[in-house]
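Step one of this worksheet: look at the structure below.
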Amino acid sequence: MDPAQEVLGGNRLALARLLTQVENGSSQGLAALQVLFPHTGRAHRIGVTGPPGTGKSSLVNQLALHLRRSESPRRVAILAVDPTSPFTGGAILGDRVRMRDLSGDPGVFIRSMASRGSLGGLAAATSGLAAVLDAAGFDVILIETVGAGQAEVDIARLAHTVLVVEAPGLGDDIQAIKAGILEIADILVINKADQPGVEATERALLGMLQLAHPTPHVFPGERKQHHLPDSPAMQAAALESAQFNDWIPPVQRTVATEGGGIPELAAHIEQHAAHLRANGGWERREAARLQSELDELLQQALIARWRRETPEAHYDTVLERLTQRQLSPWQAVKELLEGDWL
Ligand SMILES: Nc1nc2c(ncn2[C@@H]2O[C@H](COP(=O)(O)OP(=O)(O)OP(=O)(O)O)[C@@H](O)[C@H]2O)c(=O)[nH]1
Ligand SMILES: [Mg+2]
């Protein structure tokens, strides 16, 4: 049977196999992606990123458990992207926790990706895997990445909702939080809230938020302002008002090892999805993601085509003239693209 059809039919073995093919950029994988693409666009993609060891894997595990145990259990896929250090203690520990709590549940699928793939770039490879999981019918895709570099920012752009996970001791120092990573946060999580220094971390994060969102409604320390109220009626009202305001990232404390703060975090995630859906943000994020995927693929395809058509010797000659300062880099590009060597 066709691998794509098997995946659509819910065959887990076929899904695992196809994910490997897509990760490797094989032609079978790409062929299946064409078939699956029309079936994508339903899943809520949630990016979870932050510095090493802050508890991202533990948190993802707890969120998955929470979503499975809710009144209407959602099918959850977990995609752990760890290109730099597949052997960190944290990753292994986190994975062990997952194995114990989530294994055997057919509504959960866990996959880690340790290679860069050959679809061209980590973000492209991750996006391919997420598309397969989306088509396979998972309602929620949790994508974990470690670090605070460009790769994490790119991967976060694949998500509808981005959680940035900090921990006490890391976040007190404003320098430790890369501005770029804070900019992409839809929800800020202070995990390990059982550890000392949580107040300082929270103050630092709220201070940074205040700088980023200078509205009269949010003051550092006034956390209640952006917590979901207890009564359903007030929640509805808060949701209503959020639709007319910009989203201000809530700051949520969690203790992932014990499940503390997880229901509240899940509520923030729901609220963010509702906010996006209400104000057209969902479609905008989808469109922006597809455009950046298109641009990236186009760039790679153009370079690949150009390399096929350009004799290597010509490239070497131009490079040599560049290093000898006979050509500037701009002239070299012009020469390579418009030269009369064809
Ligand atoms: N005290 C405490 N420890 C925690 C908490 N959450 C996670 N940990 C521990 O912190 C360590 C790292 O947890 P992970 O979930 O693997 O962290 P991670 O961010 O996924 O790590 P990397 O993927 O390596 O960046 C493990 O020993 C966890 O048991 C927490 O809320 N409180
Ligand atoms: Mg991890």
Side-chain angles (χ1 to χ4, degrees), residues 45-67 76-103 108-116 122 126 129-130 140-156 158-159 161-173 176-178 180-182 184-185 187-202 205 250-266 268-269:
R45 299 172 190 218
I46 303 171
V48 180
T49 192
T54 47
K56 297 175 294 298
S57 297
S58 312
L59 208 60
V60 159
N61 173 56
Q62 292 287 357
L63 278 171
L65 280 173
H66 179 85
L67 291 167
V76 184
I78 297 173
L79 192 52
V81 185
D82 194 350
T84 44
S85 57
F87 303 113
T88 62
I92 291 163
L93 245 165
D95 287 346
R96 266 200 214 122
V97 172
R98 282 172 187 162
M99 308 280 272
R100 200 180 58 227
D101 297 344
L102 297 170
S103 68
V108 175
F109 191 92
I110 302 170
R111 172 80 185 199
S112 40
M113 188 169 88
S115 76
R116 275 169 195 281
L122 195 61
T126 308
L129 297 195
V140 172
I141 304 175
L142 292 157
I143 306 172
E144 176 191 344
T145 53
V146 58
Q150 187 57 43
E152 288 68 43
V153 173
D154 287 347
I155 290 166
L158 301 173
T161 302
V162 178
L163 274 52
V164 172
V165 184
E166 298 286 342
L170 286 162
D172 331 354
D173 183 1
I177 309 161
K178 296 265 177 10
I181 211 86
L182 197 70
I184 61 169
I187 298 168
L188 285 160
V189 181
I190 306 176
N191 188 44
K192 305 197 184 184
D194 55 329
Q195 301 279 310
V198 61
E199 288 80 13
T201 304
E202 190 169 72
L205 286 178
V251 179
Q252 179 65 48
R253 296 184 189 191
T254 56
V255 182
T257 38
E258 283 150 28
I262 299 298
E264 293 81 359
L265 179 57
H268 285 309
I269 292 172

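Just so it is clear, the values below take in all heavy atoms, side chains as well, and ignore hydrogens, waters and symmetry mates. Counting starts at 1 for both ligands and their atoms, following the listed order.
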Ignoring hydrogens, just give me the one of Glu258, Lys192, Arg253 whose non-hydrogen atom is nearest atom 10 (O) of ligand 1.
Lys192
Test item: Lys56 side-chain N/O and Val164 main-chain N/O as donor-acceptor pair under 3.5 Å:
no
Numbering the atoms of ligand 1 from 1, which are under 4.0 Å from a heavy atom of Pro52?
25 (O)
Run the numbers on Ile269 and Leu163 for side chain to side chain contact (heavy atoms under 4.5 Å, CB included), then give the verdict.
CA-CA 9 Å; Ile269 292 172; Leu163 274 52; 4.1 Å; yes
With the Mg ion (ligand 2) at the apex, how many degrees lie between OG of Ser57 and OE2 of Glu144, rounded to 10 degrees?
90°
Step-by-step side chain to side chain contact (heavy atoms under 4.5 Å, CB included) determination, Leu129 to Val81:
CA-CA 11 Å; Leu129 297 195; Val81 185; over 6 Å; no
N or O contact, Ala193 vs ligand 1, cut-off under 3.5 Å:
no
Using a strict 4.0 Å cut-off to heavy atoms of Gln195, name the atoms of ligand 1 that fall inside it.
1 (N)
Is a side-chain donor or acceptor of Thr254 paired with a backbone partner of Ile262 at a separation under 3.5 angstrom?
no
Just which atoms of ligand 1 are under 4.0 Å from any heavy atom in Glu144?
20 (O), 23 (O)
Per-atom contacts of ligand 1 with Lys56, taking only distances under 4.0 Å to non-hydrogen atoms
15 (O), 17 (O), 18 (P), 19 (O), 20 (O), 22 (P), 25 (O)
Residue pair Glu166 / Glu202, side-chain heavy-atom distance below 4.5 Å:
no
Report, in ascending order of atom number, the atoms of ligand 1 lying under 4.0 Å from any heavy atom of Asp194.
1 (N), 2 (C), 30 (C), 31 (O), 32 (N)
Treating Asn191 as the side-chain partner and Ala256 as the backbone partner, does any N or O pair qualify as donor plus acceptor under 3.5 Å?
yes
Please check whether Ala256 reaches ligand 1 - meaning an N/O of the residue sits under 3.5 Å from an N/O of the ligand, judged on distance alone.
yes
Is there side-chain contact between Leu59 and Leu265, with at least one heavy-atom pair below 4.5 Å?
yes
